[in-house]
Q: 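Below are the structure tokens for one structure; questions will follow.
Note that the structure is a prediction, hence the values are computed from the model and not measured. Labels below follow one simple rule: chain letters A, B, ... track the order of the sequence lines, proteins then strands, and each chain is numbered from 1.
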Amino acid sequence: MAWTDERVAKLRELWDKGLSASQIAKELAEGVTRNAVIGKAHRMGLASRPSPVKSDPQKKAKAPVEKKVVKPKAKAPTGKVSLLDLTERMCKWPIGHPGEPDFHFCGKPSAPTFPYCGTHCGEAYQVQQPRRDRRANRGRISATPVR
DNA sequence: CCCTGATTCGC
DNA sequence: GCGAATCAGG
């Protein structure tokens, strides 16, 4: 989509009005992303509004190294997680079977780069254990991916 | 995680 | 000139 005079005008208007780039992109629609908006705004020479990132070059000296501990707590989703609800970082371990009325997915936060949460990674990726001692796996479903 | 603008660079 | 990808943050 080309930058017609109309669209440029609207961009300038909304930008001056203080809307964020993503908001402007939504207004213009037609497959325009916020990247496109920002890029165009810059090329137009629009006053680059204070970026939240670049602002305030001289910051207050922060002697205390106060570290915010990243919350390891992850909330489990409310209710059943359907196929449509799944996002990249959700555990995709199926509960039940496709077609069944109650079929859904685990949905808990998945381990980084893994399709399942910690618990279900444990189910999915089981180290082959000595034939002698498989007691640890007794009662568990077998989900070894490659046999 | 959601979000912000800035910058780069192949097209 | 364009904008996706990336960066550097809030």
Q: A:N35 has an atom CG; how far is it from atom P of B:dC11, in whole Å?
A: 18 Å
Q: Does OP1 or OP2 of B:dA6 have a side-chain N or O of A:H42 closer than 4.0 Å?
A: yes
Q: List the atom of A:C106, the atom of A:C117, and the distance in Å for their closest heavy-atom pair.
A: SG-SG, 4.0 Å
Q: Given B:dC3, is OP1 or OP2 found less than 4.0 Å from the side-chain N or O atoms of A:S22?
A: no
Q: Mind calculating the distance between CG (A:L86) and P (B:dC1) to the nearest angstrom?
A: 14 Å
Q: Out of C:dC2, C:dA4, B:dT4, which nucleotide sits closest to the side chain of A:K40?
A: C:dC2
Q: Between the base of C:dG3 and the side chain of A:R43, is there a donor-acceptor distance below 3.5 Å?
A: yes
Q: Starting from P on B:dT8, measure out to CD1 on A:I38 and report it in whole angstrom.
A: 14 Å
Q: Send over the distance from A:M44 CE to C:dG3 P, rounded to a whole Å.
A: 13 Å
Q: DNA chain C: A:R34 or A:W3, which has the more 5' nearest nucleotide?
A: A:W3
Q: Do you know the tightest heavy-atom contact between A:F103 and A:I95?
A: CD1-O, 3.3 Å
Q: Can you find a heavy atom in the side chain of A:V32 that is under 4.5 Å from one in the side chain of A:K40?
A: no
Q: Without decimals, in angstroms, what is the distance between A:R7 CZ and C:dC2 P?
A: 11 Å
Q: Assign the ring pair A:W93 / A:H120 to parallel, tilted or perpendicular, where the plane angle (0 to 90°) is split at 30° and 60°.
A: parallel
Q: Rounded to whole Å, please give me the gap between CD in A:Q23 and P in B:dC3.
A: 11 Å
Q: Among the nucleotides B:dA6, C:dC2, C:dA4, which one has an atom lying closest to any side-chain atom of A:T33?
A: C:dA4
Q: What is the separation between atom NZ on A:K26 and atom C1' on B:dT4, rounded to the nearest whole Å?
A: 14 Å
Q: Rounded to whole Å, please give me the gap between CG in A:D5 and P in C:dG1.
A: 15 Å
Q: With a cut-off of 6.0 Å (strictly less than), are more than 12 heavy atoms of other residues, nucleotides or ligands near CD of A:E6?
A: no
